[in-house]
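All values reported here derive from a predicted model rather than from experimental measurement.
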2 protein chains.
Amino acid sequence: MLTISKENYLKAIYKHREGENLPVPASYIADELQVSNAAISKMAKTLSNKGLLEYQKHKGVRLTDEGEKFALKVIRRHRLWELFLINVLGLTWAEVHDEAEKLEHSTSEFLINKMDKFLGFPKFDPHGSPIPDRNGKLPELPSVLKMSECEAGKTYRVARVQDGDSQLMKYLTRIGINLNTEITILEKFSFDHSINVEMKGHHYLLSEKVVDRIWVADE
Amino acid sequence: MLTISKENYLKAIYKHREGENLPVPASYIADELQVSNAAISKMAKTLSNKGLLEYQKHKGVRLTDEGEKFALKVIRRHRLWELFLINVLGLTWAEVHDEAEKLEHSTSEFLINKMDKFLGFPKFDPHGSPIPDRNGKLPELPSVLKMSECEAGKTYRVARVQDGDSQLMKYLTRIGINLNTEITILEKFSFDHSINVEMKGHHYLLSEKVVDRIWVADE
DNA sequence: ATACAAATTTAACCATGGTTAAAATAAAAA
DNA sequence: TTTTTATTTTAACCATGGTTAAATTTGTAT
């Protein structure tokens with residue numbers, strides 16, 4: 001069993017490029033985990049000695065197959081907890097992330113499989129993120145694009161939002177954005193990359209920060 | 001927020017004498033937490049400096065009001081998790097303790113209150129142990145006696161069993177002992193303190209270990 | 001009252017996962 | 001190509017929560 005810190009390192013590395021297993025710069029991990037770069041260097045060695053990372057000085061780190069396996073386990077636990085907390089206990093989009101962030105480190109394989117079954121072996125979590133199955137296999141991903149790359153004039157359906165920022169989640173909830181919400185792109189402003197949209201009869205100006213954290217699919 | 005270790009110390013101390021707040025010998029805690037006596041001495045100082053324990057060298061430790069408050073919070077989380085895991089996810093008596101032991105340290109006040117509400121503000125957990133409410137108040141305790149102190153010839157109803165030993169839980173489940181099971185005391189053997197009982201038409205010889213971990217009430 | 005045994009505490013040590021500050025390396029600009 | 005800047009690594013350090021072994025205190029017999 002890995003410590004909480006180690007699980008978080010592997011998860012952070014995985015999250016950098018979800019699918020593609022490219023080298024991740026130390027500073028990204030430091031930022032993600034809110035620790036110093038020095039801590040990253042040290043842990044990179046430790047995890048590399050355990051065979052979970054490939055690490056070359058000054059070149060960032062990369063998950064080994066073994067490391068990715070562990071990362072996917074943590075992500076599985078996180079996403080199943082989020083779904084569980086929303087479906088069963090009625091928590092909100094804004095509330096689940098922080099709770100799941102803690103619970104994911106205290107959940108046995110046995111328990112998470114019970115939860116998985118209870119939930120009907122779901123393939124996606126409440127943010128539209130794929131849930132690895134008990135063997136670490138991810139479901140096939142729907143083809144999505146970032147809202148920041150949408151075409152003006154077209155209408156899309158929200159397919160996924162980035163989890164982690166409860167302020168953002170609260171905002172999205174407040175203005176009524178949810179999975180599968182239909183959004184029409186009215187106008188894209190290049191000077192600040194904000195986008196003017198129409199949704200359920202209302203207009204909203206969504207900032208770059210926001211449109212960069214929403215993925216959509218064609219209706 | 002207390003660390004997991006500190007929460008476990010306070011819980012272990014509380015568990016020594018549930019209600020009465022008597023000094024707890026170091027060796028009891030060491031045994032309970034599976035750490036050395038040296039670790040206990042050191043932590044006793046730490047927690048005493050934090051105002052959670054009264055500690056006099058060689059005289060054991062005692063929870064302060066503040067310390068008891070924290071202990072009850074941990075116990076509340078533990079017991080609500082046990083009930084939740086059994087009621088919602090269908091875990092067994094033998095399975096819940098170890099899972100709850102981990103989850104209890106990763107559950108926010110917010111989440112545990114949601115669970116409490118979801119469960120209908122239960123007063124007792126699946127082992128018959130009282131669940132402190134959100135203010136740390138325990139429900140009124142039914143009058144029970146240890147099975148080892150029962151009278152031969154009388155019939156009782158199981159009111160509570162000691163949680164923690166999954167082997168024991170498995171055994172009790174296997175022979176059909178559950179909360180509210182009716183048991184008639186047939187004969188008490190003084191040489192090894194075992195007890196011969198009748199239950200659902202079958203006879204069982206329960207060892208001292210077993211009868212010391214079951215509390216019963218008059219039918 | 002004294003000696004012995006048991007329990008407890010202290011001392012010295014260790015691993016983990018952090019920190020800051022300085023040194024080294026890589027990347028970018030001149 | 002050289003210099004400057006940004007990133008990464010190393011070194012020295014710290015807190016936490018453990019360990020074992022030795023010293024001390026307490027309780028129990030004799």
Report task. Assess whether side-chain contact (heavy atoms from CB on, under 4.5 Å) is satisfied between B:Met169 and B:Glu95, documenting all intermediate values. Result -> CA-CA 9 Å; B:Met169 290 300 124; B:Glu95 290 163 347; over 6 Å; no
The criterion is ring pair (Phe, Tyr, Trp, His ring centres under 6.0 Å); which residues satisfy it with [X], sequence neighbours excluded?
| X | result |
| --- | --- |
| A:Phe118 | A:Phe84 |
| B:Phe189 | B:Phe191 |
| B:His97 | B:His78 |
| B:Trp215 | none |

Could you state the [atom1]-[atom2] distance from [X] to [N], rounded to the nearest angstrom?
| X | N | atom1 | atom2 | value |
| --- | --- | --- | --- | --- |
| A:Tyr9 | C:dG17 | OH | C1' | 7 Å |
| B:Leu47 | D:dG17 | CG | P | 9 Å |
| A:Ile40 | D:dT10 | CD1 | P | 14 Å |
| B:Glu7 | D:dG17 | CD | P | 11 Å |
| B:Asp31 | C:dA7 | CG | C1' | 14 Å |
| B:Met43 | C:dT9 | CE | P | 15 Å |
| A:Asn8 | C:dT16 | CG | P | 17 Å |
| A:Leu33 | C:dT19 | CG | C1' | 15 Å |

[X] side-chain N/O to [N] phosphate OP1/OP2 under 4.0 Å:
| X | N | answer |
| --- | --- | --- |
| A:Ser5 | C:dG18 | yes |
| B:Ser36 | D:dG18 | no |
| A:Lys45 | D:dT10 | yes |
| B:Thr3 | D:dG17 | yes |
| A:Lys6 | C:dT16 | no |

Report task. Any ring pair (Phe, Tyr, Trp, His ring centres under 6.0 Å) involving residues 36-61 of chain A? Give me the pairs, sequence neighbours left out, ordered by first then second residue. Result -> none
Could you list the donor-acceptor pairs under 3.5 angstrom formed between side-chain atoms of residues 22-45 of chain A and any protein atom two or more places apart in sequence or on another chain?
residue: A:Glu32; atom: OE2; partner: A:Lys15; partner atom: NZ; Å: 3.0
residue: A:Gln34; atom: NE2; partner: A:Asp31; partner atom: O; Å: 2.9
residue: A:Ser36; atom: OG; partner: A:Ala39; partner atom: N; Å: 3.2

Query - Between B:His127 and B:Gln162: side-chain donor-acceptor atoms closer than 3.5 Å - result: no
Listed pairs, N/O of protein and of nucleotides 6-8 of chain D, under 3.5 Å:
residue: D:dT8; atom: OP2; partner: A:Ser27; partner atom: N; Å: 3.1
residue: D:dT8; atom: OP2; partner: A:Ser27; partner atom: OG; Å: 3.0
residue: D:dT8; atom: O3'; partner: A:His58; partner atom: N; Å: 3.4

Might you list the N or O atoms of the protein lying below 3.5 Å from N or O atoms in nucleotides 11-13 of chain D, with each pair's distance?
none

Report task. Not counting sequence neighbours, list each pair that qualifies as a side-chain hydrogen bond (donor to acceptor under 3.5 Å, both in side chains) and has a residue in residues 139-151 of chain A. Result ->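 Matches after skipping sequence neighbours: A:Ser148-A:Asp212.
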